[in-house]
Amino acid sequence: MNQVSEQTKISNARAEHGDSMSIRRQLLAYIVAGVFVLLVLFSITISWLAGKETSKLTINNAQQVARALAQQSVLALLTESEENASTALDQVMSFPDVSGAGLVTLDGEIFGWRGDARGEQYFRNFDWQNTRSYLILEEDESNWFVASAVILTDNDGNSETELFEATEEKLGYAILSFSKETLTQINRDIILTIAITGGIAVIGLILIVGGAIQRQLAPLQELSEVMAYNHETGEHKLAKVQGAKEVEQMANSFNAMMLTLDEQDERLRNQRDQLEAEVKIRTAELTVARDAALTSSRHKSEFLANMTHELRTPIQSIIGYVDLVKEEAENEGQFDMVTDLDKVTRNADRLLGMINCLLDLSKIEAGRMELNLSSTYLKDLLQDLSEATAPLFPRNNNKFLLDNHSDNPILRIDSEKLLQVLINLVSNACKFTERGTVTLRVENTHSEINFSVIDTGIGIPADQLAKIFDQFQQVDSGETRRFGGTGLGLAISKQFCELMGAKIKVESIEGEGSCFTVKLPMS
Ligand code: ADP
């Protein structure tokens, strides 16, 4: 089954690479074209040479026949009687290629003409009176025209056609027309024979050379098909080592390359397996470490939550007892002691605030902070806020401004937590502003309600804005340290906001003031 699909893939590769002409076809085409051109040149040369030789022979022959006729025509020209020449003329006409024969007097009068009328016509137009030659040879496209002078040589009755005798007398000419038909036929036959034998030779050549090329190129083609197959499938199939020396060398090099690729693949596979195994081990180790860290963090948060809870009780009782003692001191008029006890109360309050912050934070981290939702009017919330923050404004001689753009909707919120967030923002604004204004702006977009606490205080440097919501983070300057604090207020506010589905953001310009906004969705 595998072998069959492999074969199919190889033939597909062959088909795809069959678009360009194969070496076999190209070689065959070149050879056939070369042989064809040679054959044409050869046949042209042969027919030209044969034609030349044949025409030379025919002309020679024609001249001899004309001379013979001239020798037999002395009497006929002397008497100007056709009868005396008719036997000779008939004889001449029986020669092959003689297409016409006759006699002509020096005045140009033709008599005894037989055969092709065109020849007679040709000789009739000839200027005989001004002709000095004894032998005339002319031709048109289909005939040679030969004339041989008829000479009377002496008085004793012997007549001969001697060409250069001083005593001779020219009586006229024996005229002949010789057809070129045979010559043309010979040429045609030569060309036909060459074409037929050439055609057979070309077909034979194609078969023989084609077969030979096929045999020589088959291993090369097989090699190229294996290459194409490997290229398409990504496999490293080896080629058969066969054929001419060069092809064998190519196949050997190709196989060596495939083996190297196999080795590299194997190495890569091993490395990948090793890496995967290592990653698995590391991941397991990290998971164990993370779980351990999470467990210990949870234990820490739980411990902190319990501890801070336990710390609150004694501090609260300290504050209660200090209040009692203070009352007694006031009643007894020990006002110095009252002042000292006020300091104790203030510091105990601060300590309680810090413990409360830590308690909130540890509860959040331990996942024990829950929302207590209730319905609250916005106005009531603002009233509580203003009461809780009223003592903060006189401390740094700040003015408070309420900029309320909202009606009085009922909010479904954890009012304690929202109040804690807003008190923290107002408290920070009062802390970091001196003789300025702290504004609380309320806007209602109906999808959310926005509380913005805007102050005209020291502001926050742009590069510190991102980190002030992190735990224990304060703006990094000596000035801030002057103001005290734990760096926990904003971290807790942010966690509370997230718990309530709200967002908190800050905008600030150093030296000009800050604006903290809580965006609470209206559910
Ligand atoms: P704390 O105020 O106890 O230091 P917070 O988390 O409330 O902690 O505030 C973190 C820091 O952010 C502050 O220490 C202060 O540097 C900066 N900050 C907060 N509010 C303001 C503000 N209104 N103006 C200037 N800086 C502020």
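Indexing begins at 1, ligand by ligand and atom by atom, following the structure's order.
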Sidechain N-carboxylate O distance under 4.0 Å for Glu507, Lys505: yes

Please state which part of Ile460 comes within less than 4.0 Å of ligand 1, counting heavy atoms only: side chain, backbone, both or neither. side chain

Can a side-chain donor-acceptor contact be found between [Y] and [X] if the only test is distance below 3.5 angstrom?
X: Gln242; Y: Glu222; answer: yes
X: Asn424; Y: Ser493; answer: yes
X: Asn252; Y: Glu248; answer: no

Spacing of CG belonging to Leu381 relative to CD1 belonging to Ile413, to within rounding of 0.5 Å: 5.0 Å

Let me see the working for Cys497 and Val518 under side chain to side chain contact (heavy atoms under 4.5 Å, CB included), right down to the final yes or no. CA-CA 8 Å; Cys497 282; Val518 174; 3.9 Å; yes

At a 4.0 Å threshold, what atoms of ligand 1 neighbour a non-hydrogen atom of [X]?
X: Gly489; value: 5 (P), 6 (O), 7 (O), 8 (O)
X: Gly459; value: 25 (C)
X: Ile468; value: 12 (O)
X: Leu488; value: 6 (O), 8 (O)

Does [X] have a heavy atom less than 4.0 Å from any atom of ligand 1?
X: Ser514; answer: yes
X: Phe469; answer: no
X: Lys431; answer: yes

